[in-house]
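Inspection log for the structure reproduced underneath, given as structure tokens.
Quantities reported herein were computed from a predicted structural model and do not represent experimental measurements. When reading the values below, keep in mind they use all heavy atoms of this one structure, side chains included, and skip hydrogens, waters and symmetry mates.
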Number of protein chains: 2
Amino acid sequence: MPQSRVVQEQNFLGNEAPRQKPTIKDVARASGASVTAVSYVLNNSRTVGVQTRERVLAAAQELGYRPNPLARGLITGRTQAFGTLVRDLQSYITTRIIAGVEKAAREQGYKMLLAPHNQDPSQAVSALHDLTARRMDGIISISGNSDEHPEIIAALPAAGLPYVLAFYRPSETARADSVVVDNRQGGYVATRHLLDLGRRRIAFVGGPAANNASRERLKGYRQAHAEMDLTPDEALIVSQHFMVEGGMRAAEQLLRDGVTPPDAVFACNDHIAAGFIRGCREKGLRVPDDVAVVGFDDHDMCPALDPPLTSMRMPLPQVGQLCVERLIYRLEQGAAWEPETITLPCSLVIRQSA
Amino acid sequence: MPQSRVVQEQNFLGNEAPRQKPTIKDVARASGASVTAVSYVLNNSRTVGVQTRERVLAAAQELGYRPNPLARGLITGRTQAFGTLVRDLQSYITTRIIAGVEKAAREQGYKMLLAPHNQDPSQAVSALHDLTARRMDGIISISGNSDEHPEIIAALPAAGLPYVLAFYRPSETARADSVVVDNRQGGYVATRHLLDLGRRRIAFVGGPAANNASRERLKGYRQAHAEMDLTPDEALIVSQHFMVEGGMRAAEQLLRDGVTPPDAVFACNDHIAAGFIRGCREKGLRVPDDVAVVGFDDHDMCPALDPPLTSMRMPLPQVGQLCVERLIYRLEQGAAWEPETITLPCSLVIRQSA
DNA sequence: CTGAAAGCGCTTACAG
DNA sequence: CTGAAAGCGCTTACAG
């Protein structure tokens with residue numbers, strides 16, 4: 001009898017056809033306990049006689065029993081899994097947040113189902129439907145450096161699942177938990193660093209004008225100036241796409257003949273910063289001597305740029321981790337609660353561009 | 001009666017508490033059909049009288065009915081979802097393959113459950129257990145530029161699920177489907193490009209010595225030389241980590257005083273190439289005039305490097321897409337089959353470094 | 001303290 | 001062609 005079990009185990013571990021997975025009934029039979037007892041023992045949800053308990057545990061162990069999450073989910077309505085809504089998986093920022101989500105989820109015994117929506121509201125809605133149908137326990141919605149389409153955020157409450165926003169600060173009225181990075185402080189620190197270097201014509205190259213992170217960083221930029229009783233030249237404040245090409249275009253704008261060039265640039269991401277540096281080079285300007293440059297994101301190519309790029313680092317894995325913790329907290333609390341936004345500071349990584 | 005349904009729908013779409021999701025029973029009741037009939041209509045698995053069929057469809061539509069995948073999976077053993085095993089989510093290569101997997105999966109009506117294993121066999125085994133327990137329909141295992149831990153590949157068959165390897169060419173005996181990139185051809189094309197430029201001392205900077213992709217690319221490097229009756233200087237062939245720092249170290253090795261420097265470098269990824277370029281700069285060597293450089297991966301920072309980096313592009317999204325197609329094909333075929341490896345060619349993206 | 005039984009929401013032989 | 005019923009693998013009132 002025990003022998004036949006061993007054989008099964010070998011089949012499972014070997015390269016052969018999969019054995020039939022043992023069910024709770026098999027464990028009950030093998031341990032001489034009732035299905036009820038097995039369930040209670042395995043879930044620790046009721047005290048069970050100690051000898052029964054031990055036989056159940058032994059049998060489960062020996063059979064390699066694993067409860068079927070589908071059956072369990074059907075009854076409990078919980079699946080020990082989160083849906084993670086993301087725009088796409090190509091973004092450096094997004095993947096680092098996901099890494100934090102995954103790690104924290106795993107540590108808490110949860111799995112993560114990824115649902116990219118490609119910034120398409122109808123895809124997002126259908127993903128949300130599916131996540132709900134699969135009885136996810138909650139949803140984490142990750143925004144990247146660009147804002148999510150508003151309809152996507154708006155679709156979240158309708159799913160009827162607890163959710164937390166990562167990297168996106170909800171409007172006052174939204175009643176949503178979120179974990180965000182302090183973009184204002186990041187913008188402040190970056191700008192302040194350039195001011196401390198003695199620069200006084202600091203350009204600001206933001207992302208698309210509507211981008212929330214950019215707007216916050218611009219506030220920090222202004223604040224740093226204001227604190228030193230300086231007024232930035234509004235002509236130095238421009239918007240571009242978060243790409244190398246955007247940075248090159250910004251350089252064309254700001255370094256064109258006939259205008260006084262900036263002596264520093266704070267770029268809202270590293271791609272822009274890199275493109276700007278390239279633009280400087282083409283104009284014959286030296287970085288950092290003529291133009292000091294600070295980027296944002298601390299991209300892993302920063303050390304490889306010429307010169308190595310000084311950049312703001314965001315605590316991205318922590319954002320993911322805190323989202324998970326928040327979500328689990330909500331799951332366990334249930335009932336009424338006040339939405340909460342956790343704000344994490346950025347830090348400056350000084351290299352040679354500023 | 002219809003009115004109360006409308007109210008429910010509003011609750012669902014609004015910001016209120018989630019309504020109870022309708023079940024197949026609700027659809028049966030609303031349409032006056034049997035549960036059996038509803039099931040057959042919705043699955044198209046048996047012909048049903050046309051008027052019944054239409055009433056069922058209408059009711060399902062109106063109620064916003066979505067079959068519970070958990071209940072369905074419990075019976076059918078299928079969940080319309082794949083598990084995707086990855087080392088981590090930080091790799092540029094991995095995320096691009098994942099994007100391809102996700103897109104193809106979505107188009108075929110499948111979801112994707114991501115399971116990172118951090119190159120830790122025990123994490124991989126437990127992820128595999130979980131994926132099996134959740135009744136995934138199949139598994140796609142994605143390797144990045146570095147080889148997977150062999151135990152991780154070895155654990156795959158034991159899960160008893162169909163699986164496909166992405167980016168990893170299985171050994172002859174492994175009997176596994178896979179979709180890989182033609183690293184040999186990539187190495188050949190890159191090297192050939194440098195040779196055609198007239199370079200004759202071409203260094204090869206690979207990843208860790210055991211790395212399979214590197215070894216294949218080296219074969220291509222040798223082949224390109226052989227075709228022109230050239231023999232590369234073995235001293236120019238070095239191994240480094242796939243990082244900017246690795247490239248810098250390679251530059252230290254190859255450009256040190258007293259040795260004849262290479263006039264070109266083929267680096268096995270863009271981070272290495274970028275680090276090497278930085279090393280050249282520090283030695284006062286011009287790229288590409290003194291040293292031409294070709295990287296690998298076509299990283300999105302390539303255009304921002306100085307000079308913009310010429311690099312090999314791999315058809316990564318296609319790798320993911322073909323994995324999904326292969327897997328679905330296996331699911332539908334079942335039974336006996338011969339393992340198949342699909343090999344996709346790389347292409348050269350010429351910028352200014354070579 | 002304990003177990004038989006109902007039931008979660010489906011699918012699918014089975015019997016009409 | 002059609003539907004009542006069994007059953008997937010669990011959890012948990014319910015009744016002893």
Side-chain heavy-atom pair Tyr40(A), Val38(A) within 4.5 angstrom cut-off: no
Quick one: are Ile97(B) and Phe167(B) in side-chain contact, heavy atoms under 4.5 Å? yes
Does any pair with a residue in residues 24-39 of chain A pass salt bridge (Lys or Arg N to Asp or Glu O under 4.0 Å), and if so which ones, sequence neighbours excluded? Asp26(A)-Arg29(A)
Pair listing, salt bridge (Lys or Arg N to Asp or Glu O under 4.0 Å) test, anchored in residues 106-117 of chain B, at least two apart: Glu102(B)-Arg106(B), Lys103(B)-Glu107(B)
Check DNA chain C against residues 71-80 of chain B and give the residues with a non-hydrogen atom under 4.0 Å, in numerical order. Ala71(B), Arg72(B), Leu74(B), Ile75(B), Thr76(B)
Could you work out the separation of dT12(D) and dG16(D) based on their C1' atoms and round it to a whole Å? 16 Å
Do Arg87(A) and Ile142(A) have side chains that get closer than 4.5 Å, going by heavy atoms? no
Fill in the dot-bracket string of DNA chain C, one character per base: . for unpaired, | for a pair to another strand, ( ) or [ ] for pairs within the strand, taking Watson-Crick or G-U pairs under 3.5 Å. |||.||||||||.|||
Determine the Euclidean distance between corresponding P atoms of dT2(C) and dA6(C); express it in Å to zero decimal places. 22 Å
All pairs passing salt bridge (Lys or Arg N to Asp or Glu O under 4.0 Å) where residues 150-164 of chain A contributes a residue, at least two apart: none
Going 5' to 3' along DNA chain C, between which two nucleotides do contacts with chain B fall, using a heavy-atom cut-off of 4.0 Å? dG9(C) to dC14(C)
Suppose we screen for side chain to side chain contact (heavy atoms under 4.5 Å, CB included). Which residues come up paired with Thr95(A), at least two apart in sequence or across chains? Gln90(B), Thr95(B)
Could you tell me if the side chain of Leu89(A) sits less than 4.5 Å from the side chain of Pro116(A), heavy atoms only? yes
Pairs where residues 117-140 of chain B contributes a residue and the test salt bridge (Lys or Arg N to Asp or Glu O under 4.0 Å) is met, not counting sequence neighbours: Arg78(B)-Asp137(B), Asp130(B)-Arg134(B)
Contact check, residues 33-46 of chain A vs DNA chain C, heavy-atom distance under 4.0 Å, returns Ser34(A), Thr36(A), Ala37(A), Arg46(A)
Listing request: all side-chain hydrogen bond (donor to acceptor under 3.5 Å, both in side chains) pairs with a residue in residues 49-59 of chain B, at least two apart in sequence or in separate chains. none
Can you list everything that forms a salt bridge (Lys or Arg N to Asp or Glu O under 4.0 Å) with Glu325(A)? Sequence neighbours excluded, please. none
Under the rule for side chain to side chain contact (heavy atoms under 4.5 Å, CB included), what residues qualify as partners of Gln318(B), not counting sequence neighbours? Pro315(B), Leu344(B)
Is there a donor-acceptor contact under 3.5 Å from the side chain of Ser39(B) to the main chain of Val35(B)? no
